[in-house]
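Following: one structure in structure tokens, then a few remarks.
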Amino acid sequence: MPELPEVEVVRRGLERWVAGRTVAEVEVLHPRAVRRHPAGGEDFAARLKGQRFEGARRRGKYLWLPLAETGTSVLGHLGMSGQLLVQPEDAPDEKHLRIRVRFDDSLGTELRFVDQRTFGGLSLHDQTPDGLPDVIAHIARDPLDPAFDDAAFQGALRLRRTTIKRALLDQSLISGVGNIYADEALWRSKLHYDRPTAGLTRPRSAELLGHVRDVMNAALDAGGTSFDSLYVNVNGESGYFDRSLDAYGREDEPCRRCGTPMRRRAWMNRSSYFCPSCQRPPRATVRSVRR
């Protein structure tokens, strides 16, 4: 699933190649691609025709294109395999092309939504006074947002009766952090994923937040993390931050810090990767980690 850096890479591409352009025509080629737009594909296409994209916006892992002077936005759900591509108009259609957006200018490119697994899609939503699509109004700011409140996050973290990785993945507390970058930030912080948040001091939570930002900025510089061909930017290019991962996907490989073999544990239908030496588990979980 794309996380904040991957979505931000796509947003930057849309800002460059789509912002300011007016829609001439929309083709919905698969109904599931607009299933989050209750009025259906014909209504979606009709309401977009003639509208101008103001820009590309993002909060956490959510991406949207505001429509000028309408108070509405096109929200993009990338799902597991969704891709927003800017392609030449005469380029062959992708096998899993789901939506095509043509523009009324002479630039010769169009916007395509391609989705192999059809878990993603596009939908039209009213905006809140803050400019967010109404369906994501509950999503917290992400750590790269200049308005992110570090002190409020640190206070809320200690009040939560949960563990640190669960808190990092709680989109109502901090958005944009997914499984990969949570593991990376925890490894850098020498924190076990099951450590209770209540015992986390303010200096330690500040350190963790700093590592979350560092990991995300490094991933942005590398164009995101690509484990297969399904994550690409708007030009169809893969990111390469996966080559720099210190924790995620490195089971049995030596820890880059101490040399101890990295471990993987099943966690909430996912996997957590950690160093058993650098990231000591809390006492209540020591027995299960040693099994």
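In this chain, numbering begins with 1 at the start of the sequence shown.
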Item to complete: Kindly state each residue pair satisfying salt bridge (Lys or Arg N to Asp or Glu O under 4.0 Å) with at least one member in residues 166-177, sequence neighbours excluded.
Response: R160-D170
Item to complete: Can you run down the salt bridge (Lys or Arg N to Asp or Glu O under 4.0 Å) pairs that involve residues 28-46, sequence neighbours left out, and say none if there aren't any?
Response: D43-R47
For [X], all residues meeting side chain to side chain donor-acceptor pair (under 3.5 Å), sequence neighbours excluded:
X	answer
S73	Q127
R250	E253
T128	none
H125	S123

Residues in salt bridge (Lys or Arg N to Asp or Glu O under 4.0 Å) with [X], at least two apart?
X	answer
E94	R112
D145	R141
R264	E251
D105	R21

Worksheet item: Tell me, which pairs form a ring-ring contact (aromatic ring centres under 6.0 Å, His included) where one or both residues lie in residues 42-64, sequence neighbours left out?
Response: H37-F44
Fill in: Exercise: identify the closest heavy-atom pair between T118 and S81
N-OG, 4.4 Å
Worksheet, complete the sentence: Heavy atoms of S271 and N179 approach each other most closely as O-ND2, 2.9 Å
Practice prompt. Considering only Ile, Leu, Val, Met, Phe, Trp and Tyr, and joining two whenever side-chain heavy atoms are under 4.5 Å apart, list the other residues clustered with W187.
Written response: M262
